[in-house]
**Q** 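Below is a structure I'd like to ask you about.
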Amino acid sequence: MNRSARALSLACSLAISCTPLNSELDGLLTPDAQSFPVVADALQPSCGTLDCHGQIGRNLRLFGGRGLRLDPQHTSAEGATTEAEYAASYRSLTALEPEALDALLRAGGEVEKLSLLRKARGREQHRGGVQLLPGDPLDRCLLSWLAGAVHQASCLRVAQKPRPVLHLP
Amino acid sequence: MRLAVILLLAACTDQQWQEQIAALGPEQPSIPMGPLHRSGQPCLLCHSATGDAPALLAAGTVYRDPRATLAAAGVAVILIDAQRQTYVTYSNCAGNFFVFPSEYQPQLPLWVSLRYQLSGQRVQVDMESPMHRDGDCGICHRPTAGPSSAGPVFLSDDPARLSMIPRSDCTGGQP
């Protein structure tokens with residue numbers, strides 16, 4: 001990568017990480033983008049698989065190295081999640097209900113005002129069923145991110161969740 | 001009004017579903033409809049409660065290599081659900097495997113592992129992520145890897161290892 005491309009990349013990264021989405025357009029607050037990758041990695045195994053929100057037709061579309069790829073040259077069979085994919089998932093998540101998210105970030109209150117939480121907790125019809133329960137690691141990961149201080153350990157615990165052990169001969 | 005909207009939505013869904021099935025193309029004349037047909041395709045499009053074919057809970061195709069050139073027969077396909085309930089089925093000579101709803105009632109998500117014998121040693125291949133919606137392997141595992149496909153389900157990409165895996169003599173269902 002040459003110097004100008006690197007500078008542009010850095011400028012884009014800073015713009016994403018420091019400026020709340022849409023802040024200059026309509027003043028809506030969004031959670032921190034810089035700390036989002038660890039949250040995205042936590043969401044990937046539960047929500048972002050190819051059969052769920054790793055599908056192009058979903059309203060909430062999540063991208064990832066083992067899920068839906070942003071670059072048509074990449075495949076779901078290999079590679080790590082790219083910065084562009086984290087940014088795309090961030091936009092997808094924060095643009096789902098921007099006003100409700102803004103209200104929650106400004107005034108606090110009941111997190112289940114967000115469809116994201118209602119559906120993932122199974123409070124609202126969700127084809128993917130219950131993906132998190134209040135207080136479990138994925139729930140803590142998401143809520144801590146919304147509160148402005150990601151609980152890294154919870155996020156990592158979900159992202160690195162081991163598959164069930166087979167007890168077959 | 002509400003009924004009209006519901007009927008319209010149902011019609012749209014049905015049309016989309018019909019288009020997906022049509023996109024699979026016709027049956028291969030040399031392969032009769034049955035357990036050996038349509039290898040590598042998303043089985044549950046037709047084999048569902050709303051489809052024309054007998055409903056299946058999970059189904060897919062196992063190949064020997066990542067290019068999906070040859071089917072892998074006799075591979076144990078192990079399903080394990082959220083309650084740690086396991087079910088084992090085996091791929092047939094076309095590489096196809098399937099589980100009927102009467103045989104297994106898992107609680108999603110569903111994890112999958114493959115097991116096969118290689119020179120007397122047991123080899124296990126684990127799927128990296130679980131299935132959350134249903135057991136239709138071909139939806140995500142299309143014949144080639146792409147931005148929304150993990151590529152075919154295969155045993156190994158190691159030529160030395162592949163040379164030791166017996167070839168299936170079954171021609172039914174080859175892509």
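Scope of the values below: all heavy atoms of this structure, side chains included, with no hydrogens, waters or symmetry mates. So you know, we letter chains A, B, ... as the sequences are listed, proteins then strands, and number each from 1.
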**Q** What option among A:R66, A:R127, A:Q73, A:H74 has the most heavy-atom pairs under 4.5 Å with chain B?
**A** A:R127
**Q** Taking side chain as everything from C-beta outward and backbone as N, CA, C, O, which of these in B:D136 sits under 4.5 Å from a heavy atom of chain A? Side chain, backbone, both or neither.
**A** neither
**Q** Name the member of B:D126, B:I78, B:D81, B:V88 that forms the most heavy-atom pairs with chain A at distances under 4.5 Å.
**A** B:D126
**Q** Is B:R84 in contact with chain A via its backbone, its side chain, both, or neither, using a 4.5 Å heavy-atom distance?
**A** side chain
**Q** Please check if the side chain of B:R133 supplies one atom and the backbone of A:D51 the other of a donor-acceptor pair under 3.5 Å.
**A** yes
**Q** Would you say B:Y87 ends up clustered with B:V125 if hydrophobic residues are merged whenever their side chains have heavy atoms under 4.5 Å apart, either directly or through other cluster members?
**A** yes
**Q** Same cluster or not: A:L101 versus A:V111, using hydrophobic residues (I, L, V, M, F, W, Y) connected whenever any side-chain heavy atoms lie under 4.5 Å apart?
**A** yes
**Q** With a cut-off of 6.0 Å (strictly less than), are more than 12 heavy atoms of other residues, nucleotides or ligands near CD of B:Q121?
**A** no
**Q** Is B:P130 in contact with chain A via its backbone, its side chain, both, or neither, using a 4.5 Å heavy-atom distance?
**A** both
**Q** Only one of B:C140, B:S149, B:S129 passes side-chain contact (heavy atoms from CB on, under 4.5 Å) with A:L50; say which it is.
**A** B:C140
**Q** Between A:Q55 and chain B, which part of the residue has a heavy atom less than 4.5 Å away: side chain, backbone, both or neither?
**A** side chain
**Q** If Ile, Leu, Val, Met, Phe, Trp and Tyr residues are connected whenever their side-chain heavy atoms lie under 4.5 Å apart, and connections chain through other members, are B:L44 and B:I21 in the same group?
**A** no
**Q** Going only through I, L, V, M, F, W and Y residues with side-chain contacts under 4.5 Å, is there a path from B:V112 to B:Y63?
**A** no
**Q** Would you mind checking which part of A:Q44 comes under 4.5 Å of any heavy atom in chain B, side chain (CB onward), backbone (N, CA, C, O), both or neither?
**A** neither
**Q** Is B:Y104 reachable from B:L114 through a run of I, L, V, M, F, W or Y residues, each pair having side-chain heavy atoms under 4.5 Å apart?
**A** yes
**Q** Tell me, side chain or backbone of B:T144 under 4.5 Å from chain A's heavy atoms, or both, or neither?
**A** neither
**Q** Given B:S148 and A:R69, is the side chain to side chain contact (heavy atoms under 4.5 Å, CB included) satisfied, shown in steps?
**A** CA-CA 6 Å; B:S148 59; A:R69 306 309 307 266; over 6 Å; no
**Q** Heavy-atom pairs under 4.5 Å with chain A: which of B:G146, B:P109, B:G151 has the most?
**A** B:G146
**Q** Please identify, among A:L70, A:L68, A:D71, the residue contributing the most non-hydrogen atom pairs under 4.5 Å to chain B.
**A** A:L68
**Q** Examine whether an atom of B:L108 lies under 4.5 Å from a heavy atom of chain A, and if so say whether it belongs to the side chain, the backbone or both; otherwise answer neither.
**A** neither
**Q** Within a 6.0 Å radius of atom CG on B:D52, are there more than 12 heavy atoms belonging to other residues, nucleotides or ligands?
**A** no
**Q** Is there side-chain contact between B:H132 and A:T49, with at least one heavy-atom pair below 4.5 Å?
**A** yes
**Q** Please check if the number of heavy atoms outside A:R118 that lie under 6.0 Å from its CZ is greater than 12.
**A** yes
**Q** Atom CD in B:E128, atom OG in A:S76: separation rounded to 0.5 Å?
**A** 11.0 Å
